[in-house]
Engineer: 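Sending over a structure as structure tokens; questions will come in a sec.
Every heavy atom of this structure was used, including side-chain atoms; hydrogens, water molecules and symmetry mates were not. Here the structure is a predicted model, which is why all the values come from computation and not from measurement.
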Amino acid sequence: MSSATSPFPARIELTGEGLVLRDWTESDLSAMPALFDDPDVAYWTPLASPFDRQVAATRLERDRKLRAEGTTILLAITLDGGAPLGEVMLRRLPDGVELGYAVGPAHRGQGLAVRAVRVMAAYAFEELGVERAVLELEAENAASVAVAERAGFTLLDVPLIEGQEKGRPFVLQTWELTRTS
């Protein structure tokens, strides 16, 4: 099995930037709807909407499968390992990793996404040995563009990614952070 598809550790906890990024657990299921059943999350992300406890349970099961397959990890963003405030995602790509995030509406404006992306990028560079991390964002999503800029990502001059999700078209820009950035 190549390192690109080898399983991630069964448990992951990353600390830095005043955060603890930790595994989601069954005890988080009741908190997830307050974080992800939100119009902004529904509009800008592929997360299911409406997002209820059953969707959360199904998602937790799917996330564990993707981790075991070695493709994706999703970690709860917390201040101290306790209550989740959002989520950060890492997905392996052939030439690096893609990162993503969502922060609950009650916890926005605290720099959580910027800090979580920096911690996850450091994990990708130091532990996974990748050379680049990317964010794929819609230019109209000003909050996410600000996260990319504040986290040190650079907008690449590459073709836009066009698609459709949840019945609406989208166009994504690619932002990059390299190990040497």
Engineer: Treat each ILVMFWY residue as a node, draw an edge where side-chain heavy atoms are under 4.5 Å apart, and state whether Ile161 and Leu156 are in one component.
Structural biologist: no

Engineer: Could you check if a side-chain atom of Leu29 sits within less than 4.5 angstrom of a side-chain atom of Gln54, using non-hydrogen atoms only?
Structural biologist: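 Contact flag for Leu29/Gln54 side chains = no.
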
Engineer: Would you kindly check if the NZ (Lys) or CZ (Arg) of Arg59 is within the cone defined by 45 degrees around the ring axis of Phe36 and under 6.0 Å from the six-membered ring centre?
Structural biologist: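 Output yes; distance and angle both within limits.
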
Engineer: So does Arg115 get a backbone contact from the side chain of Arg150, meaning a donor-acceptor N/O pair under 3.5 Å?
Structural biologist: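 Not confirmed, Arg150 side chain does not pair with Arg115 backbone.
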
Engineer: Show the numbers, then the answer: is there a side-chain contact (heavy atoms from CB on, under 4.5 Å) between Asp38 and Arg108?
Structural biologist: CA-CA 12 Å; Asp38 171 70; Arg108 295 182 187 143; 2.8 Å; yes

Engineer: If you define the side chain from C-beta out and look only at heavy atoms, does anything of Leu112 sit under 4.5 Å from Leu19?
Structural biologist: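 Result yes, sub-4.5 Å side-chain heavy-atom pair found.
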
Engineer: Residues in ring pair (Phe, Tyr, Trp, His ring centres under 6.0 Å) with Tyr123, at least two apart?
Structural biologist: none

Engineer: Between Lys65 and Leu60, is there a donor-acceptor pair closer than 3.5 Å when you use the side chain of the first and the backbone of the second?
Structural biologist: no

Engineer: Taking Leu74 as the starting point, is it possible to reach Leu14 by hopping between hydrophobic residues whose side chains are less than 4.5 Å apart?
Structural biologist: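 Different clusters.
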
Engineer: Answer yes or no: is there a side-chain heavy-atom contact under 4.5 Å between Leu90 and Glu98?
Structural biologist: no

Engineer: Which heavy atom of Leu35 sits nearest to which heavy atom of Val41, and what is that distance?
Structural biologist: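 Where Leu35 meets Val41 most closely, the heavy atoms are O-CG2, 3.9 Å.
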
Engineer: Mind checking whether Leu99 and Leu85 sit in one hydrophobic cluster, side chains of I, L, V, M, F, W, Y counted as touching below 4.5 Å?
Structural biologist: yes

Engineer: Would you call Asp95 and Glu131 a side-chain contact if the rule is heavy atoms closer than 4.5 Å?
Structural biologist: no

Engineer: What residues, two or more places apart in sequence or in another chain, satisfy salt bridge (charged side-chain N to carboxylate O under 4.0 Å, His left out) together with Arg62?
Structural biologist: none

Engineer: Between Trp24 and Glu87, do the side chains contain an N or O donor and an N or O acceptor separated by less than 3.5 Å?
Structural biologist: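 A pair is found: one side chain offers a donor N or O, the other an acceptor, under 3.5 Å apart.
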
Engineer: Under a 4.5 Å cut-off applied to non-hydrogen side-chain atoms, are Leu137 and Trp175 in contact?
Structural biologist: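 They are in side-chain contact.
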
Engineer: Roughly how far, to the nearest 0.5 Å, is the CG atom of Leu160 from the CD atom of Gln173?
Structural biologist: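 Rounded to the nearest 0.5 Å, the CD-CG separation comes out at 6.5 Å.
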
Engineer: Could you pull out the closest heavy-atom pair between Ala102 and Leu47, with the gap in Å?
Structural biologist: CB-CD1, 4.4 Å

Engineer: Kindly say whether His107 contributes a backbone atom to a donor-acceptor pair with the side chain of Gln110 at under 3.5 angstrom?
Structural biologist: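 Answer holds: yes.
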
Engineer: For residues Arg22 and Leu75, determine if any side-chain heavy atom of one lies less than 4.5 Å from a side-chain heavy atom of the other.
Structural biologist: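 They are not in side-chain contact.
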
Engineer: Find out whether Thr154 and Glu176 are in side-chain contact, i.e. whether some heavy atom of one side chain is under 4.5 Å from a heavy atom of the other.
Structural biologist: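 The answer is no; the side chains never approach within 4.5 Å.
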
Engineer: Step by step, work out the salt bridge (Lys or Arg N to Asp or Glu O under 4.0 Å) result for Arg168 and Glu138.
Structural biologist: CA-CA 13 Å; Arg168 78 170 186 91; Glu138 292 184 64; 2.5 Å; yes

Engineer: Nearest 0.5 Å please: distance from the OG1 atom of Thr71 over to the CZ atom of Arg92.
Structural biologist: 8.5 Å

Engineer: Could you walk me through whether Asp37 and Arg53 pass the salt bridge (Lys or Arg N to Asp or Glu O under 4.0 Å) check?
Structural biologist: CA-CA 10 Å; Asp37 192 36; Arg53 187 182 171 95; over 6 Å; no

Engineer: Set out, in order, the CA-CA distance, both residues' side-chain angles and the distance that settles side-chain hydrogen bond (donor to acceptor under 3.5 Å, both in side chains) for Ser49 and Tyr43, then state yes or no.
Structural biologist: CA-CA 9 Å; Ser49 179; Tyr43 188 82; over 6 Å; no

Engineer: Please report the shortest heavy-atom distance between Tyr101 and Val117, naming the atom on each side.
Structural biologist: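 Closest heavy-atom pair between Tyr101 and Val117: CD2-CG2, 3.4 Å.
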
Engineer: Tell me the closest heavy-atom pair linking Pro33 and Asp52, and the distance in Å.
Structural biologist: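 Heavy-atom minimum between the residues: CG-C, 3.7 Å.
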
Engineer: Is any side-chain heavy atom of Ile73 less than 4.5 Å from a side-chain heavy atom of Ile12?
Structural biologist: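 Heavy-atom side-chain distance check passes, below 4.5 Å.
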
Engineer: For the residue pair Gly100 and Leu135, what are the closest heavy atoms and their distance?
Structural biologist: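 Distance-wise, the nearest heavy atoms are N-CD2, 4.4 Å.
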
Engineer: Between the main-chain N or O of Ala31 and the side-chain N or O of Asp28, is there a donor-acceptor pair closer than 3.5 Å?
Structural biologist: no

Engineer: Shortest non-hydrogen contact from Met89 to Met120?
Structural biologist: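 Nearest pair, atom of Met89 first, then Met120: C-CE, 4.3 Å.
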
Engineer: Per the side-chain contact (heavy atoms from CB on, under 4.5 Å) rule, which among Val97, Leu177, Thr178 passes with Phe125?
Structural biologist: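 Only match with Phe125 under side-chain contact (heavy atoms from CB on, under 4.5 Å): Leu177.
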
Engineer: To the nearest 0.5 Å, tell me how far Phe153 CZ sits from Arg132 CZ.
Structural biologist: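 Reported to 0.5 Å precision, the distance equals 10.0 Å.
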
Engineer: Within this structure, what is the CD1-CD distance for the pair Ile77 and Glu17, rounded to the nearest 0.5 Å?
Structural biologist: 12.0 Å

Engineer: For Thr72 and Leu66, indicate whether the former's side chain and the latter's backbone hold a donor-acceptor pair under 3.5 Å.
Structural biologist: no

Engineer: Quick check for you: to the nearest 0.5 Å, what is the distance between Phe51 atom CZ and Thr58 atom OG1?
Structural biologist: 9.0 Å

Engineer: Assess whether atom CD of Glu61 is packed by more than 12 heavy atoms of other residues, nucleotides or ligands within 6.0 Å.
Structural biologist: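 Atom CD in Glu61 is not packed in, count stays at 12 or less.
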
Engineer: Is it true that Asp63 and Arg67 make a salt bridge, defined as a side-chain N closer than 4.0 Å to a carboxylate O?
Structural biologist: no

